[in-house]
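In what follows, a structure is listed as structure tokens, so that the remarks can point back to it.
Since this is a predicted model, take the numbers as computed values, not measurements. These numbers come from the heavy atoms of this one structure, side chains and all, not from hydrogens, waters or symmetry mates. The chains referred to below are lettered A, B, ... by the order of the sequence lines, with proteins before strands, and numbering in each begins at 1.
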Protein chains: 2
Amino acid sequence: MGTTQLETVPEPKYRHLKTVISEALDSEFAVGEILPNERDLAARFGVARATLRQALEQLELEGRLQRRRGVGTTVAPPRMGVSVGSTAHNWPGVSDTAWELADGTREVPPASVVRHLGTGQDEPVHVVRRLRVSGGQPVAAELLYVPAASVPGLAAADAPTGTARGAAVLRELESLGLEGEDRAVELGSARSDDAKQLDRLPGAPVLVVTTRFFAGGGTAAVSVATYRADTCRLTFGDTGDVEVHS
Amino acid sequence: MGTTQLETVPEPKYRHLKTVISEALDSEFAVGEILPNERDLAARFGVARATLRQALEQLELEGRLQRRRGVGTTVAPPRMGVSVGSTAHNWPGVSDTAWELADGTREVPPASVVRHLGTGQDEPVHVVRRLRVSGGQPVAAELLYVPAASVPGLAAADAPTGTARGAAVLRELESLGLEGEDRAVELGSARSDDAKQLDRLPGAPVLVVTTRFFAGGGTAAVSVATYRADTCRLTFGDTGDVEVHS
DNA sequence: GAGTGGTCTAGACCACCGC
DNA sequence: CGGTGGTCTAGACCACTCT
């Protein structure tokens with residue numbers, strides 16, 4: 001038959017598109033540059049818009065593109081390296097400049113957190129909300145769960161509102177002797193409220209970092225931080241040199 | 001106007017579907033149970049198949065579902081906790097039972113790795129391929145890049161094939177004094193070859209763990225490990241208790 | 001209002017798996 | 001072979017942002 005057909009099965013169109021666009025991004029586009037709109041691109045490549053979108057979605061997942069409704073598709077800068085957890089164990093401090101205190105309330109935590117804390121099924125705990133900003137844009141939203149038993153200095157009576165309450169909880173925590181911590185990372189999708197804070201659509205991929213803080217022979221607090229997966233590379237530096245390189 | 005309209009904008013159908021299905025999974029299905037097929041489900045919910053698929057995709061991303069072509073959609077078990085990096089620094093050892101040695105070659109690493117290693121642009125390095133198996137299924141594929149300069153005991157002459165070569169490189173590494181390591185985690189999508197090893201489709205979401213090993217005042221090796229994001233929760237235990245809990 | 005990406009439809013065919 | 005999920009089409013309308 002004379003064909004020089006490759007041995008591979010035909011590659012799906014969207015995956016081929018992804019390769020082609022990816023190479024074009026490397027060679028013909030600068031960071032921040034706007035791509036043609038999806039209808040034009042689809043026409044240019046001779047595919048349906050849905051097929052083109054499948055390719056763009058994966059490129060966005062890989063942090064190569066950024067798409068914004070009403071605006072367009074732009075070439076994303078390389079991911080930021082954000083430092084998660086240093087060698088030295090320490091409490092999420094009030095003085096921590098990376099995080100911006102957003103709120104402090106008292107709520108019943110989700111079941112997965114209750115399991116770690118070992119608190120009662122419907123027992124409310126202190127919840128501190130914080131936002132991490134880096135390079136001028138929000139990169140992570142955190143919920144810190146602190147059982148009342150961990151911060152005995154805080155009576156139910158003194159209940160300042162919002163950030164004041166959150167600050168009080170953080171201060172109390174710092175006076176505890178931290179015995180160790182424990183961290184896990186997994187893929188998730190942004191809940192509606194997180195999405196709003198992170199300036200993404202609900203369901204956007206996030207890296208969920210769950211940290212358990214041990215003190216007094218038990219779990220004194222649990223932090224659940226959701227990082228934007230498109231813009232962040234989480235670094236666990238043992239060497240101490242924090243690089244927020246390009 | 002007398003309407004009791006909620007202040008929220010109408011939620012997209014697929015997101016509502018996701019909630020409904022998610023709740024059904026919690027209450028009406030057991031782990032491993034197969035769901036009705038996509039055409040049936042779409043009809044049952046009165047939506048197009050594409051819309052239903054959008055919901056299923058996100059649930060799969062969150063590790064709640066597992067879909068296999070030709071088989072069906074099943075309820076996924078909770079993610080495995082796989083331990084990544086212990087307190088003690090150590091080389092990827094030959095004796096490491098978690099990893100299974102797959103291959104050893106000599107290739108030119110990708111640009112991103114070259115940048116870390118500081119080797120020449122087109123300089124080939126030793127590449128050791130390993131596969132991590134946990135709970136009877138593959139969870140990660142690793143490429144370990146080792147410059148020739150890091151393992152001077154290995155002359156170009158002695159070139160055993162495949163796993164023998166890989167084992168030789170690992171043995172040589174272990175004789176070096178490890179000064180520290182450095183780790184980063186980010187979201188990626190499985191390359192075609194990784195996908196095959198991990199029993200997933202190309203483009204499937206993976207957690208990419210990049211580890212730099214420092215010795216002799218420089219980067220002696222770089223490991224790029226891609227973990228299945230759907231089935232794995234990466235744990236960075238400082239407390240030493242490795243829990244592969246349910 | 002014009003233009004963008006986001007959602008949705010109702011079909012079709014293909015690649016893979018197990019029987 | 002029949003049934004499954006995976007890919008693809010050619011439309012439509014909606015929600016958002018900018019001007």
List every contact pair, protein side and nucleotides 17-19 of chain C side both N or O, where the distance is under 3.5 Å.
none

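Between the side chain of B/Q58 and the backbone N or O of B/A55 there is no donor-acceptor pair closer than 3.5 Å. A donor-acceptor pair under 3.5 Å is formed between the side chain of A/E60 and the backbone N or O of A/R67. Between the side chain of B/E100 and the backbone N or O of B/V133, no donor-acceptor pair lies under 3.5 Å.
Counting heavy-atom neighbours within 6.0 Å of A/R68 CZ, excluding the residue itself, gives a total of 12 or less. Heavy-atom contacts from other residues, nucleotides or ligands closer than 6.0 Å to CZ of B/R49 number more than 12.
Contacts of B/L56 with the nucleic acid, taken as non-hydrogen atoms under 4.0 Å apart, are absent.
Counting to the nearest Å, the P atom of C/dC13 and the OH atom of A/Y14 are 21 Å from each other. Spacing between atom NZ of B/K196 and atom C1' of C/dC16 amounts to 15 Å, rounded to whole angstrom units. D/dG6 atom P lies 17 Å from atom CD of A/E11, rounded to whole Å. Atoms CD (B/E57) and P (C/dC8) sit 13 Å apart, rounded to a whole Å. Rounded to a whole Å, the CD atom of A/Q66 is 18 Å from the P atom of C/dT4. If you measure from atom CZ of A/R67 to atom C1' of C/dT7, you get 12 Å, rounded to the nearest angstrom. The distance from atom CZ of A/R68 to atom C1' of D/dA15 is 15 Å, rounded to the nearest whole Å. One atom, CZ of A/R15, and another, C1' of C/dA15, lie 12 Å apart when rounded to the nearest Å.
Two residues are said to be in side-chain contact when any heavy atoms from C-beta on lie closer than 4.5 Å; A/L207 and B/L207 meet this criterion.
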Problem - Audit row: A/Y227, A/R132, side chain to side chain donor-acceptor pair (under 3.5 Å) steps and yes/no - result: CA-CA 9 Å; A/Y227 286 81; A/R132 184 165 182 172; 3.1 Å; yes

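B/R64 and B/S22 share a side-chain donor-acceptor pair at under 3.5 Å.
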Handout entry: Bracket notation of DNA chain D in which parentheses pair within the strand, [ ] cross earlier pairs, and | pairs with another strand (Watson-Crick or G-U, under 3.5 Å)
Key = ||||||||||||||||||.

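Within residues 29-53 of chain B, the residues approaching DNA chain C are B/R39, B/V47, B/A48, B/R49, B/A50, B/T51, by heavy-atom distance under 4.0 Å.
When each of B/R79, B/K18, B/R233 is checked for a salt bridge (Lys or Arg N to Asp or Glu O under 4.0 Å) with B/E62, only B/K18 meets the rule. A/S223 pairs in a side-chain hydrogen bond (donor to acceptor under 3.5 Å, both in side chains) with only one of the listed residues (A/R130, A/E142, A/R183), which is A/E142. Partner B/Y145 forms a side-chain contact (heavy atoms from CB on, under 4.5 Å) with one of B/V108, B/V113, B/V114 and no other, that one being B/V113.
A sub-4.0 Å separation between OP1 or OP2 of C/dT4 and a side-chain N or O of A/T73 is absent.
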